[in-house]
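First comes the structure, then the notes that go with it.
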Number of protein chains: 2
Amino acid sequence: MAGGKRERLVEGARLAFHENGVEATTLADVAAIAEVPVGNVYYYFKTKHALVEAVIADHARLVSEALDGLDGQRGPRERLKAFVAAFAGNGAMAARFGCPQGTLCSELDKQSGDLRVACSELMRLPIDWARRQFEALGRTDADELAHALIAAYQGMSLLTNTFGDPALIQREGKRLDRWIDSLAETS
Amino acid sequence: MAGGKRERLVEGARLAFHENGVEATTLADVAAIAEVPVGNVYYYFKTKHALVEAVIADHARLVSEALDGLDGQRGPRERLKAFVAAFAGNGAMAARFGCPQGTLCSELDKQSGDLRVACSELMRLPIDWARRQFEALGRTDADELAHALIAAYQGMSLLTNTFGDPALIQREGKRLDRWIDSLAETS
DNA sequence: GTCTATATTTAGATAGAC
DNA sequence: GTCTATCTAAATATAGAC
């Protein structure tokens, strides 16, 4: 694993949290993945809580970058379909571990307050992005459609993970493509 | 909390797992809720793993009963809309703790094998029920629609929980009602 | 800045009296 | 069947040498 020790710890924690959950991941696990001695973790992160916060911030950075990458598409309809194609293409990952951000939100919602806030800000990134696309289509129900799209993705990620079947989210991708095509330019 | 000690332990564990997560819930917590001494838990459940299995079985019983209750409706369209009304009516619970079955599946998917299997059987109950309704409508894409409906519910439960806003799942309920109304009798 | 050794806490699990 | 007291293992966190 490349990068400075802090970067390695954050990336290692992000991967381990996704694969095994936050609660089940020990700092010893993270230290081993990052190839950093256990005791040294505390030089970079005062508590496990602080490490979790850093991981959420790292997720936010990755999601923002991914969404920015979709803005190269010509129009809002193409951008929405590129979004769908992106997550449908990650079916194997969803089948094994679920959506990285969704599973994190699900677990941390049951924990202390400031982590909940950070999670909700993370989940708001793709919703706000999707709403802007629906607004560009002239939809007055853009907020509702944006929530429905992200919920469809999150829900099908959960089913894909629960049944270990990547085909589920791929089939949903095709269905959402047809749905996006069927939307009128204004509502 | 009423019932025999075993029933109290299962119900207490089910509630605590939903509110705080399985990993974060200690047997001491469960014992306190059930008003049973800590050491006595092991008389009824050899391990925490066994208690989790019992809780999943209890969920399966409750879900089956709830779905059976919907079969009093006249036709498949009415049954599907009664299903939607049922979960949209639980918005306050979803906002605080998410869907009981969904959060359980999300957490336990990251754990040992036989719990994953039990969770997938639990999640299959509403999907199979919904597929039968869509089949009764003559839809050849009943399996796809059933997965889409449950995914919409699960995903919107996650968003409702993440943002702590019951209105999200209520709005989705209305949207799904219109969707069910719009489906042709055959596909 | 880095790392080893260890302290502290807490959870799951057990032994055994009643 | 019931309950108290306790064991053991593991995880977070710290102290302090280098």
Side-chain angles (χ1 to χ4, degrees), chain A residues 1-58 103-104 107-108 110-116 118, chain B residues 1-58 103-104 107-108 110-116 118:
Chain A
M1 187 164 284
K5 291 193 177 177
R6 192 182 194 283
E7 285 70 31
R8 295 210 307 273
L9 286 168
V10 172
E11 184 182 354
R14 178 169 51 77
L15 297 173
F17 290 172
H18 182 209
E19 297 185 5
N20 304 316
V22 175
E23 190 93 27
T25 298
T26 69
L27 295 180
D29 295 335
V30 175
I33 295 170
E35 295 171 35
V36 168
V38 194
N40 202 354
V41 174
Y42 289 90
Y43 175 73
Y44 295 97
F45 300 98
K46 198 177 160 68
T47 62
K48 185 178 182 180
H49 187 97
L51 177 58
V52 176
E53 284 180 331
V55 166
I56 297 174
D58 199 42
T103 55
L104 194 67
E107 183 176 359
L108 295 183
K110 302 194 183 300
Q111 310 228 356
S112 66
D114 54 335
L115 291 181
R116 289 196 57 159
Chain B
M1 187 163 286
K5 291 194 177 178
R6 193 180 193 285
E7 286 70 32
R8 295 210 307 274
L9 286 168
V10 173
E11 185 182 354
R14 177 168 52 77
L15 297 173
F17 290 172
H18 182 210
E19 297 186 4
N20 304 317
V22 176
E23 191 93 27
T25 298
T26 69
L27 294 180
D29 295 335
V30 175
I33 295 170
E35 294 171 35
V36 169
V38 194
N40 202 353
V41 174
Y42 289 91
Y43 175 74
Y44 295 97
F45 300 98
K46 200 175 157 71
T47 61
K48 185 178 181 179
H49 186 97
L51 178 58
V52 176
E53 284 180 332
V55 166
I56 297 174
D58 200 42
T103 55
L104 196 67
E107 182 175 1
L108 295 182
K110 301 193 183 301
Q111 309 226 357
S112 67
D114 56 335
L115 291 180
R116 289 196 57 157

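We name chains A, B, ... by the order of the sequence lines, and we start the count at 1 in each one.
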By nearest-nucleotide position on DNA chain D, the 5'-leaning member of B:Tyr43 and A:Lys46 is B:Tyr43
With sequence neighbours left out, the residues meeting side-chain hydrogen bond (donor to acceptor under 3.5 Å, both in side chains) with B:Glu23 are B:Gln111
Contacted region of DNA chain D by chain A, from 5' end to 3' end of the hits, cut-off under 4.0 Å to heavy atoms, spans D:dA11 to D:dT14
B:Asp58 meets the side-chain contact (heavy atoms from CB on, under 4.5 Å) criterion, sequence neighbours left out, with B:Val10, B:Arg14, B:Arg61, B:Leu62
Enumerate donor-acceptor pairs with a distance under 3.5 Å from any side-chain N or O in residues 28-36 of chain A to protein atoms, sequence neighbours excluded.
residue : atom : partner : partner atom : Å
A:Asp29 : OD1  : A:Thr26 : OG1          : 3.3
A:Asp29 : OD2  : A:Thr26 : N            : 3.0
A:Asp29 : OD2  : A:Thr26 : OG1          : 3.2

Here the residues of residues 25-42 of chain B within 4.0 Å heavy-atom distance, strictly under, of DNA chain D are B:Pro37, B:Gly39, B:Asn40
Salt bridge (Lys or Arg N to Asp or Glu O under 4.0 Å) filter on A:Arg116, not counting sequence neighbours, yields A:Asp109
By side-chain contact (heavy atoms from CB on, under 4.5 Å), A:Glu7 pairs with (sequence neighbours left out) none
Assign A:Phe45 to base, sugar-phosphate, or nothing according to its heavy-atom contacts below 4.0 angstrom with the strands shown. nothing
When rounded to whole Å, the CG to P distance for the pair B:Asn20 and C:dA11 reads 12 Å
Applied to residues 2-26 of chain A, the ring pair (Phe, Tyr, Trp, His ring centres under 6.0 Å) test, sequence neighbours excluded, yields A:His18-A:Phe97
Across all chains, not counting sequence neighbours, the side-chain contact (heavy atoms from CB on, under 4.5 Å) partners of B:Leu15 are B:Met1, B:Glu11
One should read off an interatomic distance between B:Arg6 CZ and B:Leu51 CG, to the nearest 0.5 angstrom, of 8.5 Å
Here the distance between atom P of C:dA11 and atom CD of B:Glu23, to the nearest Å, is 12 Å
